[in-house]
Amino acid sequence: MNNLKTTFLTLCLSIAFVIPCLAQNTEKADSIINVIAYFSKNDTVSYKETIFKCKITGNDTIVQSAVEQEYMLIVRDSTATEYTIECKDIDFHVLTDIPSYQDLLTRTIWEKTNHIPLIFKVDSLGTFKSITNWDEVRKDLNTCINTIAETMVADFGDKIFNAEGIKNMLHSTFDSEEAYVNASPMLSKLFGMYGYSLTLGKTKAKGETMGYPTDITCFTTINKEDSKEDEEVAYAGDYSLVSVSKTVIPATDAMKLGIGNVKQTLSEDALKNIDEQKIMEQAKNMKDLSRTDTEVYSYFFNGWPKHYGEEIIVEFNDQQTITSTEIEWSNYHWQ
């Protein structure tokens with residue numbers, strides 16, 4: 001149950017923390033970097049996306065997920081106003097000898113999905129516009145949602161989980177093009193910064209997460225010359241942004257959000273075992289929820305994403321949940 005609370009809470013708090021640190025129009029041109037895509041038709045870049053999740057309680061650490069996915073991005077068309085890009089799945093790996101239930105479920109989904117290539121458009125700057133084949137992708141997504149719900153009920157029984165509740169929750173979260181984009185690290189992170197301007201050096205800003213104050217610090221750098229270290233190529237003009245944000249949410253508010261999300265997925269029998277009033281009373285004596293989010297955006301000089309990294313640390317109810325996402329280029333061919 002706590003795993004579900006943390007998962008849904010993290011999902012609900014997923015938002016772009018970098019925006020308040022972006023450059024203003026009043027800044028000098030030589031003090032900013034514009035994130036622009038200079039792509040060409042038939043450009044091809046492959047990426048490896050690694051996700052690691054763990055929960056720490058005292059001296060105990062439980063690995064909740066450790067998976068790696070590979071995919072390829074190909075520029076299928078290039079005009080003066082937009083690019084058409086195809087994303088093709090390549091492979092999927094579970095990285096632990098003893099996979100968690102979550103990873104086994106993810107592998108099942110991978111095996112049963114049709115792996116329809118995702119075709120999407122971005123404008124001349126690289127800013128995401130739309131998914132061209134959304135109807136096909138949505139149909140494949142519905143298959144995944146049904147697989148998740150049916151597998152969980154088959155494994156744990158209908159006295160624990162409500163299949164329709166799980167489906168409704170997942171549909172409400174992912175069953176629109178906008179929601180799908182926000183939930184996709186590839187679309188929301190690799191392509192999330194195009195069209196913005198970054199201030200060189202260190203900047204600080206105040207923001208909000210679900211109405212709660214967020215402190216944000218950003219640091220932007222640019223390479224002045226070509227270099228190579230440990231086989232990692234860095235070209236003159238490559239640039240990167242590091243952002244660190246922290247948000248504190250009152251314990252009672254955090255618990256309300258967690259309970260609300262979990263209740264959608266449980267059966268009527270399981271709901272009888274939840275004493276919501278008692279939980280909320282206990283929450284009054286808990287420390288507030290703290291979330292620290294560290295993100296790294298790195299780009300080649302031509303605007304192609306080189307690396308994206310994120311570490312989310314959520315501390316709540318004497319537990320620490322760490323979610324790490326890494327997207328790294330593995331090879332590329334530019335026209």
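Hydrogens, waters and symmetry mates are skipped; everything else that's a heavy atom, side chains included, is used. These numbers were taken from a predicted model, which means no experiment stands behind them.
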- Message: My understanding is that only residues two or more places apart in sequence, or in another chain, count here; which of them pass ring-ring contact (aromatic ring centres under 6.0 Å, His included) with Tyr194?
- Response: Phe191, Tyr299
- Item | For Phe39, ring-ring contact (aromatic ring centres under 6.0 Å, His included) partners two or more places apart | Tyr83, Trp304
- Item | Inter-residue atom distance Ile109.CD1 - Phe92.CZ, 0.5 Å rounding | 8.5 Å
- When rounded to the nearest 0.5 Å, the distance separating CG of Asn182 from CD of Glu177 is 11.0 Å
- Test applied, side-chain contact (heavy atoms from CB on, under 4.5 Å); reference residue, Cys218; option that passes from Val244, Val242, Thr203, Thr199: Thr203
- Item | Side-chain ion pair, Lys139 and Glu136, N-O less than 4.0 Å | no
- Message: Once rounded to the nearest 0.5 Å, what's the spacing between atom OG1 of Thr143 and atom CD1 of Ile148?
- Response: 11.0 Å
- Query: Between His115 and Asp140, what is the shortest heavy-atom contact and its length?
  - Reply: N-OD2, 3.4 Å
- Query: For Tyr332 and Phe300, which heavy atoms make the closest approach, and how far apart are they?
  - Reply: CE2-CZ, 3.9 Å
- Message: What's the separation between atom OG1 in Thr294 and atom NZ in Lys246, rounded to the nearest 0.5 Å?
- Response: 11.0 Å
- Query: Do the two ring centres, one from Tyr196 and one from Tyr297, sit under 6.0 Å apart?
  - Reply: no
- Output the distance between atom CD (Glu328) and atom NZ (Lys306), rounded to the nearest 0.5 Å. 9.0 Å
